[in-house]
Amino acid sequence: MSFRTTAAVDHVEDVSPGRGALPPRAWYASSDAASLSLNGRWRFRLSPTADAEDDSFAVPGHDTGDWAEVSVPGHWVLQGHGSPIYTNHLYPFPVDPPRVPTENPTGDHLRVFDLPRDWPADGDAVLRFDGVESCARVWLNGTDIGDFKGSRLPHEFAVGRLLKPSGNVLAVRVHQWSAGSYLEDQDQWWLPGIFRDVTLLHRPAGAAGDFFVHASYDHVTGEGTLRVDSDVAGRVTVPELDVDVATGETVTVPVEPWSAEVPRLYDGVLATGGERVPLRVGFRTVALRDGLIKVNGKAILFKGVNRHEWHPERGRALDLGTMREDVLLMKRHNVNAVRTSHYPPHPAFLDLCDELGLWVIDECDLETHGFVEQDWRDNPVDDDRWTPALLDRAARMVERDKNHPSVVVWSLGNEAGTGRGLTAMAEWIRGRDTSRLVHYEGDVTCRDTDVYSRMYAFHDEVERIGRGLDGGPHKRRELPFVLCEYAHAMGNGPGGLADYQKLFESYDRLQGGFVWEWIDHGIAHPELGFAYGGDFGEELHDGNFVCDGLLFPDRRPSPGLLEYKKVIEPVRIEGDRTGGTVRVTNRHDFADLSALAFEWSYQVDGETVESGPLPVPALAPGESAEVKLPEPPVEAAGGAETRWTVRALLAAGTAWAPWGHEVAWGQVPVAARSVPSVAAAARPVLAERLITLGPASFDARTGALRAVGGVQVTGLRLDVWRAPTDNDDGAPWQSDVRFGPLWRKFGLHRMRHRLDAVEPGDDALTVRTRVAPAAWEVGLDTVYRWTSDGSRLRLTVSVTPEGDWAVPLPRLGIRFGLAQADSVTWHGGGPGEAYPDTRSASRLGRWTSTVDDLQTPYVRPQENGARADVRWARLGGLRVDGDPEFSFTARRWTTEQLDAATHLSDLTPGDTVWVNLDHRQHGIGSQSCGPGPLPRYFLRPEPTEFSFVFSQAD
Ligand code: IPT
């Protein structure tokens, strides 16, 4: 005998998009129609399966006395009910589409509400859900009004006839898993719940249901053309342009165009019999011309990021303030574009993009990545039964977002393989909206798309594509190229950004890219700091691959974002020692430089001695000028290094940053420094078990440095190990060699130091060693040569590799411990960390930091915090001058402890500050999902010599 337990769950596994919802339409906030937010505290009951409870809770009068409460918008798993799951592309349930597991956490939500006293008696009402994951069924006052899927898309229901003045009972049953889950396999946490707003909207008689603002710009005539189509006739007014036309009527007037750089919006109104709808009109024309994406007649360069919606406590339930903060942070870091990976964002985010200026690739809520594990067999996007669901998703995105000037490209989705369903989506979108381009990275033939888009392509391939040497299908050869994802910002990195940018700026066809990704999706956790995959006991998970953003989970910019800001700065300022000039280039696509004020400053030994304004002409986009610098303000004392720093600042406050905000900078060297010379005048003296040499004392038996003057030094020796970064470890699927695992294999984390000789000579103490790992024949013959002039102490380290080294070194330098060191001052690159291929944003100057502030809090601890190009540093009573410049880190834990830590909470300060002075570090790259460091950033083992001069700091 067989029977189905309940019919109520059928819609959960139904491939259709749902039942009962109104057709999709534009999302807007009415000027005068009433609305009621149903956000707030809702009664909540969690069941382990979809059919464990009957649906009697939806009947008014149901006793919810023993129910819990949750906040809406919100995810119940972040409110103490069940737990989040993180997988990259694996479905956390058996792949048997459209079936889902019996264990299907189901949240019943209930809210009783009254209508406001002034709620109009006439007209209709619409109940809008802006986002529910993954499948919901809705009852109002006991009546089943429908069900829906499409988590990050709006769904509306006509409910006027069901409303009562008071005591309305809204019941929503939400299932974590549904057929829709197969279409929502994005690399992120699985977070069920009503996570976006729930709103009741009054619909006055005669109000527009839907409208479409067509606003284009003719860059030849300087005129804008406006036509607003509406399903209800009305009038369109734009007072500033003296426009007053009927809906459906076209008007052409001189306008200022909209662009991400100059986001000019005109306020207007669509007035129909029943309602006034505010319009924000941006005139712009997007076109594919001469094989390029052009806006208003000009090719644009995307300096973009991929943005998932994320808040460390609220998950994807974002408040307006957080959305605004994201846009402000992007603008302040020179980002000009955002791909809404991998679903349409909260609609208010797009209002902010219109207002503050960002190019948007609006991506549909679609990913079926997990099917890759079965060679895409049964992929829903290639199965006609699913096509209505795909078309429903495309329509819900396009209809909702079509009136945003910021949206310049529609994207069908992400990592969904290929199939007829995608073609159907593209065709539907083109039929509905001819004013934008279509993107989908998975379409390698570009049959359905207007741009050749790739992710994580290596530099050399990108260059080939830029040169047009990539071949491929005929249509694709004619198309512009974007990297919809590149520069994987997981942990320390991404490296190689500047090298990509150079390519983008060299080849017209390369129209930029979108860094993966905007923010780490770490979840605030009472013990761990931020949690990642596996921290909630998930059966399957992908660890900290979910923390790969340019922002830390709490939205503090990581060094990667500062690097990106510098690399994509819209003004280039360069010069060399010779000219007494700087070359200023305007790299904007639209804006001239009139919004910027330039300032020079002059540094002696890293310290600014004077500054002043620098007049720079308001160069047009693409123009450069050689700008004369003033006479150097001071005659620097012999041996002091001097340089100019020129900064481009906002001349007045903007909507996204205050007056004086720094947009770009450059430095021009003047006089080079001279390294303090140390005449080898002192002689090593043996007394008891110590050797003294000038201010230093050494263990006579081991040659180990004990003290410099009054400063005790422990454990000084060669060091080659760094706690591997996510990019050192690389992604398991990478075919290129991954050095992180190889370094461990070759034992670079457990090097042995053999003492061969301690040789006090006439004018030097020489200590000979061999540094090598157990089990391998490779080694580093290492000689420490100490000399002194009586007050200063010079160490020269000579390293000669022995054997056949198959790997570069993580780092090469010395490390030692100091008993005391709270603050560090240095002349060199700063203020933040820098590695060989992440050092564009590192500015030469004099910097001070506490040891604690030198640490970069990567969610999974790893090598971090190195300051590069350091001339000298003072810490713990010592001054160290480098010959040549060096890089340093200082921490209250050892590299071994850093390496062993899995969360920030594992790092506990000890008594010693461990200092590394590196001659060099290996590059960073972005092999956690892209290329490793370019070969020019490798630290190859080769005979090397470097020196440090130690003295007591004054
Ligand atoms: C690519 C995905 O599109 C993105 O969602 C994210 O998972 C990113 O990788 C890695 O963080 S897919 C890539 C593995 C080819």
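Hydrogens, waters and symmetry mates play no part in the numbers below; they use all other heavy atoms, side chains included. All ligand and atom numbering here is 1-based and tracks the order in the structure. Values in this document were obtained by computation on a predicted structure and should not be read as measured data.
- Each of N88, D187, H342, H369, N414, E415, M455, Y456, E485, H488, W516, F545, D548, W733, C929 has a non-hydrogen atom positioned under 4.0 Å from some atom of ligand 1.
- The NE2 atom of H346 sits 9.0 Å away from the CZ atom of F195 when rounded to the nearest 0.5 Å.
- Below 30°, between 30° and 60°, or above 60°: for W733 and F545 the angle between ring planes is above 60°, a perpendicular geometry.
- Under the rule for a salt bridge (charged side-chain N to carboxylate O under 4.0 Å, His left out), R400 has no partner lying at least two apart in sequence or in another chain.
- When atom types are taken as modelled, the side chain of H175 and the backbone of N104 share no donor-acceptor pair closer than 3.5 angstrom.
- Side-chain contact of D726 with Q862: a donor-acceptor pair under 3.5 Å is present, judged by distance alone.
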(request) Test H404 against D362 for side-chain hydrogen bond (donor to acceptor under 3.5 Å, both in side chains), laying out the working first. (result) CA-CA 10 Å; H404 290 283; D362 195 356; over 6 Å; no
